[in-house]
Amino acid sequence: MEAHSTPMFMTLLLLLSSIALSNADLYGNPSPPPPLAGPAPPPPSAVAGKVFPPQSVQCNDPFTKCFAQNITCPQQCPAFKPADPTAKACVIDCNTPKCEATCKNRTANCNGVGSACGDPRFIGGDGIVFYFHGETNSHFALVSDQNLQINARFIGRRPEGRKRDNTWIQALGLRFNRHTFTLSAKKVAHWDNKVDQLAFTYDDQLVHIADGHLSSWSAPNSPLSVERTANHNAITVTLPGVLELSVTVVPITKEDDRIHNYQIPADDCFAHLEVQFRFFDLSEQLEGVLGQTYRPDFQNPVKRGVAMPIMGGENKYRTSSLVSTDCQYCIFNPEATLSAEAKPLALESANAMECTSRFSNGRGVVCRR
């Protein structure tokens with residue numbers, strides 16, 4: 001009987017061991033509990049029931065109207081960079097008469113000064129709306145100043161029976177000091193807003209920016225930075241003291257195609273950029289399709305009161321590539337002015353100056369903080 005009990009005992013021992021090891025690693029340590037199902041936890045500022053105080057800024061520039069005052073964001077937009085990409089952000093201007101913060105979207109506002117959207121519809125520094133059609137698969141200087149060059153690549157197509165191309169901005173190329181930066185919308189047949197369609201280069205090298213709201217990248221040898229303002233397809237480019245650029249990638253939708261009869265093919269939804277520029281350091285000699293409208297002496301030639309006021313200048317502002325400065329009226333010359341890297345980096349959104357000629361009454365470019 002003992003001979004029979006020993007094998008049974010060994011079998012039972014092996015069975016118990018296998019059960020124990022099924023919930024252990026190779027070393028016999030207990031396995032960790034399985035991960036909880038569901039999305040990742042929200043950022044701290046979005047935690048339910050948790051209230052964070054509104055952010056504020058001390059105005060330290062003695063040349064502003066609000067010098068030495070502490071300005072606090074309102075409850076409607078308590079954060080400069082809200083965790084919710086659809087929420088409005090707090091903007092503090094230390095040179096406003098009331099010294100109060102305001103709320104604004106972080107994405108491009110196509111009805112705001114410095115914007116370019118659609119079959120490009122611009123709003124110039126003088127506040128006047130105009131269209132610049134350019135030419136399919138060509139490049140044009142939007143802004144040309146001594147320390148900054150911004151070019152655009154146009155894509156488009158000519159519907160059957162039309163006399164001109166419908167065009168859209170597909171890419172932007174920036175030059176500042178000795179650096180270049182490009183951003184472009186990828187060609188895509190079927191649009192999915194959950195897939196990022198932006199591509200970037202810096203000094204001719206590909207740049208990867210991780211998906212996700214508030215994901216960011218900074219240039220290794222200049223103050224340029226890029227931050228996502230949505231999980232995908234929306235960013236802000238910042239060159240402190242020089243430029244803030246909001247960009248969103250959008251497709252031509254079926255409704256757009258129906259309304260405008262673009263005759264978009266099935267294999268290309270013509271993804272393009274909606275952009276808005278804010279400038280903080282402009283000369284009075286700047287050029288470019290958009291840049292010229294910020295000059296104090298600029299007399300806008302477009303016809304007022306028509307459905308599509310057209311701005312010419314294709315021959316004046318055509319460039320040979322996305323980052324070249326060889327247009328007839330280009331004035332980019334970084335050696336003649338302070339380099340972008342030498343500019344003070346303390347001009348952040350709270351104290352930055354926005355340049356426009358709308359308020360100067362012909363006496364120059366006004367830069368307001």
Side-chain angles (χ1 to χ4, degrees), residues 108-144 149-174 182-185 187 245 247-253 255-265 268-277 286-295 298-330:
N109 175 12
C110 291
N111 292 312
V113 170
S115 61
C117 302
D119 186 1
R121 173 185 180 269
F122 291 80
I123 301 182
D126 53 8
I128 296 176
V129 175
F130 66 90
Y131 289 79
F132 178 82
H133 295 308
E135 186 179 321
T136 298
N137 298 325
S138 297
H139 305 89
F140 298 92
L142 301 187
V143 175
S144 185
Q149 177 90 13
I150 304 174
N151 295 345
R153 179 192 297 129
F154 285 57
I155 57 171
R157 62 177 280 104
R158 181 171 299 187
E160 185 178 352
R162 300 279 180 87
K163 295 182 179 180
R164 71 164 185 89
D165 295 346
N166 292 118
T167 54
W168 301 274
I169 295 175
Q170 180 266 336
L172 293 175
L174 281 65
T182 70
L183 59 98
S184 58
K187 183 176 180 179
L245 167 60
V247 180
T248 304
V249 185
V250 296
I252 299 298
T253 66
E255 182 66 9
D256 294 332
D257 194 19
R258 184 189 67 80
I259 293 173
H260 300 286
N261 191 27
Y262 290 135
Q263 301 175 24
I264 297 298
D268 191 353
C269 67
F270 281 80
H272 60 281
L273 307 179
E274 292 182 342
V275 303
Q276 185 178 20
F277 301 91
L286 78 162
E287 283 286 354
V289 175
L290 177 64
Q292 63 183 338
T293 66
Y294 287 80
R295 288 203 313 261
F298 182 68
Q299 300 295 319
N300 203 312
V302 301
K303 292 182 180 180
R304 313 288 178 87
V306 298
M308 185 174 283
I310 304 298
M311 179 80 76
E314 283 85 352
N315 292 333
K316 294 195 304 183
Y317 297 123
R318 188 187 303 273
T319 64
S320 59
S321 74
L322 189 58
V323 292
S324 63
T325 61
D326 54 1
C327 76
Q328 291 182 15
Y329 281 65
C330 287

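- Counted within 6.0 Å of OH on Tyr131, heavy atoms from surrounding residues, nucleotides or ligands total more than 12; the atom is thus considered enclosed.
- The distance from the CD1 atom of Ile252 to the NE2 atom of His260 is 8.0 Å, given to the nearest 0.5 Å.
- With rounding to the nearest 0.5 Å, the separation of OG1 in Thr182 from CG in Leu322 is 6.0 Å.
- Residues Gly114 and Leu290 share a closest heavy-atom pair of O-CD2, 4.1 Å.
- For the atom pair CD1 (Ile123) and CG (Asn109), the distance works out to 7.5 Å, reported to the nearest 0.5 Å.
- Side-chain contact between Phe277 and Leu172: present, with at least one pair of heavy atoms (C-beta onward) separated by less than 4.5 Å.
- The side-chain heavy atoms of Val323 and Asn151, taken from C-beta on, include no pair separated by under 4.5 Å.
- Here the side chain of Gln276 pairs a donor or acceptor atom with the backbone of Val113 at under 3.5 angstrom.
- Distance check: Leu286 CG to Tyr329 OH gives 14.5 Å after rounding to the nearest 0.5 Å.
- Counting all heavy atoms, side chain and backbone alike, Gln170 lies closest to Ala185 at NE2-O, 2.8 Å.
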Legend entry - Derivation and outcome, side-chain contact (heavy atoms from CB on, under 4.5 Å), residues Leu245 and Leu183: CA-CA 11 Å; Leu245 167 60; Leu183 59 98; 4.3 Å; yes
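- Between the Gln263 side chain and the Glu160 main chain, a donor and an acceptor come within less than 3.5 Å of each other.
- Here the side chain of Asp326 pairs a donor or acceptor atom with the backbone of Ser320 at under 3.5 angstrom.
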Inset, instruction - Determine, step by step, whether Ile169 and His272 satisfy the side-chain contact (heavy atoms from CB on, under 4.5 Å) criterion, reporting the C-alpha distance in whole Å, the side-chain angles of both residues, the deciding distance to 0.1 Å, and the verdict. - result: CA-CA 6 Å; Ile169 295 175; His272 60 281; 5.7 Å; no
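- Contact record, Cys110 with Ser115: O-OG, 3.3 Å, taken as the closest heavy-atom pair.
- Thr136 and Arg157 get closest at one heavy-atom pair: OG1-N, 3.9 Å.
- One distance of note links CG of Asp257 with CD1 of Ile264; it measures 5.0 Å at 0.5 Å rounding.
- Between His139 and Ser324 the shortest side-chain heavy-atom distance does not fall below 4.5 Å.
- Using a 4.5 Å heavy-atom cutoff, the side chains of Ile310 and Val302 are not in contact.
- Taking 4.5 Å as the limit, some side-chain heavy atom of Asp268 sits within range of a side-chain heavy atom of Lys187.
- Between Ser138 atom OG and Arg318 atom CZ the span is 5.0 Å, to the nearest 0.5 Å.
- Contact between Val289 and Phe130 at its shortest, heavy atoms only, is O-CZ, 3.7 Å.
- Applying side chain to side chain donor-acceptor pair (under 3.5 Å) to Glu287 and the options Gln292, Lys316, Arg295 leaves one that passes, Arg295.
- In terms of modelled atom types and a separation under 3.5 Å, the side chain of Arg121 and the main chain of Val129 share no donor-acceptor contact.
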Inset, instruction - Dump the intermediate steps for side-chain contact (heavy atoms from CB on, under 4.5 Å) on Asn166 and Arg164, then the final yes or no. - result: CA-CA 7 Å; Asn166 292 118; Arg164 71 164 185 89; 3.7 Å; yes
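- Checked against the 6.0 Å centroid threshold, Phe140 and Tyr317 do not count as a close aromatic pair.
- Using bins of under 30°, 30° to 60° and over 60° for the plane-to-plane angle, the ring pair Trp168/Phe270 lands in the tilted bin.
- The two atoms that bring Thr167 and Pro120 nearest to each other are O-CD, 3.0 Å, heavy atoms only.
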Inset, instruction - Tell me, with the steps shown, if Thr319 and Thr325 meet side-chain contact (heavy atoms from CB on, under 4.5 Å). - result: CA-CA 7 Å; Thr319 64; Thr325 61; over 6 Å; no
